[in-house]
Number of protein chains: 2
Amino acid sequence: MALRVGVSGSPPFVDKRADVYEGISIEVWEQIANAEKLEYILVPYPNIDSNIKAVADGKIDLAIGPISITPDRAAKNGIEFTQPYFYAEEGVLVPSQPPGLWTRIKPLFGVAALSSITFLLFTLFCVGNLIWLAERKRNPEHFPPQYIKGLGNGIWFALVTLTTVGYGDRAPLTKAGRTIAGVWMVISLVSVSTITAGLASAFTVSLSQTQLSRIMKPSDLDGELIGVVTGTTGVSLARSYGARPLPVPTLKEAIHLIKKNKVSGLISDKPILSYYMKNNPDKSLKLAPFRLSLQTYGFVVPSDSPLERLINIELLRLERSNQVQAISDRLLK
Amino acid sequence: MALRVGVSGSPPFVDKRADVYEGISIEVWEQIANAEKLEYILVPYPNIDSNIKAVADGKIDLAIGPISITPDRAAKNGIEFTQPYFYAEEGVLVPSQPPGLWTRIKPLFGVAALSSITFLLFTLFCVGNLIWLAERKRNPEHFPPQYIKGLGNGIWFALVTLTTVGYGDRAPLTKAGRTIAGVWMVISLVSVSTITAGLASAFTVSLSQTQLSRIMKPSDLDGELIGVVTGTTGVSLARSYGARPLPVPTLKEAIHLIKKNKVSGLISDKPILSYYMKNNPDKSLKLAPFRLSLQTYGFVVPSDSPLERLINIELLRLERSNQVQAISDRLLK
């Protein structure tokens, strides 16, 4: 007799298109059923909790989908979890404000930028003195012997060389002067490119940090109203971080709440959130830069059912040969 | 009656100091036993396979340690795995030569760098000659007809143009001279950036290559003699990558084989390898830059034992409250 297999959950794990089911959980189950030559029919359930209940009530032989293995579910009578087939992180989707003007130019006034500029001014001063010393006797027209005027022209010459502008209104004649200038040219080439590289990375770092949203670390969830999808582990997880969960039936509705500023964020599984963002790009939303906890997904079978060992062996084989990884890479990429 | 708990495995999971057992597996078990008020005695076993066999033979009530959940073990009669409590990657420890000072600056004297600098000096010489030939008649003030002095100023002019400094203390008047200078300016722009880019990549390549070891990607394992610790999953994993496993009783002995160049590397769990490297820093060894497969560790109980559900519920609770993560962070950091 064909196995009755309850199915529930959202893409990329369970994706119902017309009458065909696709997704990571479906493909992993299909590979197990093929390997063990099991006949089965898929029975849809509205959400994960009802799918598990049907196993406990004996209405179906097992439940498949992105079913997080949690203490409360493991404690339910009449059911058992197989070994996990997927390791997902819980994430938080939050509104993201693009960085304002000040946050964009802030690196220019950072310690790194200011210290390298001061160091540069100091070296200009030294090169100015050296050139003046080398040229003041044989080249008084470009570098007057009188110290203040001479040094002024020396520093002007060093700056004109540093930036490779090189007007040539001032240029060294003596061998010593030309050697100093030659060395200074090469140093300038290297130091100007290092400073540009330093500034470029400072901008990238500061831009990536500043996409401000109220929720930047798990403790920021405390006291916040957070959207969660009914029947998922997001509800208990939100509470465990001190947030007030607001359950809504679907992912779409929960995301709608964020955009209307009704909730400060949405807790769900990262693969499901990133899959949604991939298919519905939206600059005003982003995944918060941390994970809440590692979730494992498993299938659910009746307690002491022979199916558990059979599924476990095949599932572990699929994992060790990286086939589960191949399925999720294909569907998540 | 107190539970008989079989224990086996290496640090950081099982670490026997005098008569006290420490480690990640031990602490996770202790937290479960405390929460469920279970009395137990620890029974040591030499390796994981013998520990599992004792459960199947009914000599002990459960087995704890870094026990990878594999298809072969899941298929053994009389035993079952709990849910996993740890997710480890399998890694390969390989010999590595750390880059000395010479290897870091070698690119500067590499064929690429020396040839481009010689080529540059040669072109400076040619441009200097060309400019002198073009300008000496109509522009003797900048490029004196007398060969040595004229050529000196020609090369100075070519250098000042190459580095885009361009003082203008020497500048071409004739059409031929300006054509030569114009072409040289464009060539300089391209060649200076090519040389800088070439040097930058030569440095990166040479640094990444110097940490030479024969095994840089999984396929390099094919045909190699690889050390593994007896009774661990490293044996079957080595074979699945085409390597020839050489089992030795302990991690220390396996590492000794690498240092004596008897084996090309050692396959073991990454946490165990990085824990060993942390406590025995050794610049001549390093972890290969890839993982072989994701391993999960679980405890082993007799089939259909009530312990399975009880341990699973408590273990999932520890995980969801990040306590397992806290234990491994503390012991691995």
Side-chain angles (χ1 to χ4, degrees), chain A residues 68-75 77 80-84 87 142 157 160-173 178 181-182 184-186 188-190 193 218 233 236-237 240 292-296 298 303-304 308-310 312-322 324-325, chain B residues 68-77 79-84 87 90 152 156 159-171 192-193 195-196 199-200 218 233 236-237 240 291-296 298 303-304 308-322 324-325:
Chain A
S68 316
I69 306 174
T70 64
D72 311 340
R73 289 176 176 162
N77 286 325
E80 268 189 297
F81 276 96
T82 63
Q83 286 293 322
Y87 311 90
H142 282 190
F157 166 76
V160 164
T161 307
L162 168 70
T163 55
T164 75
V165 167
Y167 294 119
D169 57 344
R170 296 285 173 274
L173 281 178
R178 282 190 172 176
W184 176 234
M185 280 186 227
V186 175
S188 311
L189 264 186
V190 174
S193 40
T233 51
S236 62
L237 205 56
S240 71
L292 289 183
S293 72
L294 187 71
Q295 290 264 79
T296 50
S303 297
D304 309 328
E308 188 197 0
R309 173 186 291 271
L310 186 133
N312 276 344
I313 295 168
E314 205 42 54
L315 196 135
L316 287 162
R317 226 171 253 141
L318 287 176
E319 261 180 9
R320 275 186 84 76
S321 51
N322 287 327
V324 175
Q325 185 73 44
Chain B
S68 316
I69 305 174
T70 66
D72 312 340
R73 288 176 174 162
K76 286 188 194 298
N77 285 326
I79 61 132
E80 267 188 298
F81 275 96
T82 64
Q83 286 293 320
Y87 311 90
E90 284 283 314
W156 165 257
L159 176 65
V160 165
T161 308
L162 166 71
T163 55
T164 73
V165 169
Y167 293 126
D169 58 342
R170 297 288 174 271
V192 166
S193 35
I195 289 178
T196 345
L199 268 182
T233 51
S236 62
L237 206 56
S240 70
R291 72 170 174 124
L292 290 183
S293 72
L294 185 70
Q295 290 264 74
T296 51
S303 296
D304 308 331
E308 189 195 1
R309 174 186 292 273
L310 186 133
I311 292 175
N312 276 344
I313 295 167
E314 204 43 51
L315 195 137
L316 289 161
R317 223 171 257 140
L318 286 177
E319 262 183 6
R320 279 186 83 74
S321 50
N322 285 329
V324 176
Q325 187 71 44

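Labels below follow one simple rule: chain letters A, B, ... track the order of the sequence lines, proteins then strands, and each chain is numbered from 1. Everything numeric in this text was worked out from a predicted model, so none of it was measured.
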- prompt: Side chain, backbone, both or neither: which part of B:Ser240 has a heavy atom under 4.5 Å from chain A?
  reply: neither
query: For A:Ser236, is it the side chain, the backbone, both, or neither that has a heavy atom closer than 4.5 Å to a heavy atom of chain B?
result: side chain
Contacting region of B:Glu314 [heavy-atom separation from chain A under 4.5 Å]: neither
Heavy-atom proximity to chain B below 4.5 Å, by part of A:Ser321: neither
- prompt: Taking C-beta and beyond as the side chain, do B:Asn312 and A:Phe81 meet within less than 4.5 Å on heavy atoms?
  reply: no
query: In Å, rounded to the nearest 0.5 Å, how long is the span from CG of A:Leu316 to OG1 of B:Thr296?
result: 6.5 Å
message: What I'd like to find out is whether the side chain of A:Thr164 reaches to under 4.5 Å of the side chain of B:Thr163, using heavy atoms alone.
response: no
- request: For residues A:Arg320 and B:Thr233, report the shortest heavy-atom separation together with the two atoms involved.
  value: NH2-CB, 3.9 Å
query: Got a second to check how far A:Arg178's CZ is from B:Asp169's CG, nearest 0.5 Å?
result: 6.0 Å
message: Using every non-hydrogen atom in the two residues, find where A:Ala75 and B:Ile313 come nearest and quote the distance to one decimal.
response: CA-CD1, 3.5 Å
message: At a heavy-atom distance under 4.5 Å, which candidate from A:Ile69, A:Leu237, A:Leu292 has the highest pair count against chain B?
response: A:Ile69
query: So do A:Ser303 and B:Arg309 actually touch side chain to side chain, heavy atoms under 4.5 Å?
result: yes
message: Run the ring-ring contact (aromatic ring centres under 6.0 Å, His included) test against B:Trp156 and tell me which residues pass, sequence neighbours left out.
response: B:Tyr167
statement: Between A:Thr82 and B:Gln83 the two heavy atoms that sit nearest each other are O-NE2, 2.9 Å
Part of A:Glu319 within contact of chain B (heavy atom distance under 4.5 Å): neither
message: At a 4.5 Å cut-off on heavy atoms, which part of B:Leu162 comes close to chain A: side chain, backbone, both, or neither?
response: neither
task: Examine whether an atom of B:Glu90 lies under 4.5 Å from a heavy atom of chain A, and if so say whether it belongs to the side chain, the backbone or both; otherwise answer neither.
output: neither
- request: Looking only at non-hydrogen atoms, find the nearest pair between B:Asp304 and A:Asp304 and report the distance.
  value: OD1-OD1, 3.7 Å
- request: For A:Thr70 and B:Arg317, test the side chains for any donor-to-acceptor distance below 3.5 angstrom and give the result as yes or no.
  value: no
statement: Applying a strict 4.5 Å limit to non-hydrogen atoms, the region of B:Leu315 in contact with chain A is neither
- prompt: Where does B:Arg73 contact chain A at under 4.5 Å (heavy atoms): side chain, backbone, both or neither?
  reply: neither
message: Between A:Met185 and B:Val160, does the side chain to side chain contact (heavy atoms under 4.5 Å, CB included) criterion hold? Intermediate values first, please.
response: CA-CA 9 Å; A:Met185 280 186 227; B:Val160 165; 4.3 Å; yes
- prompt: What option among B:Leu310, B:Leu318, B:Asn322 has the most heavy-atom pairs under 4.5 Å with chain A?
  reply: B:Asn322
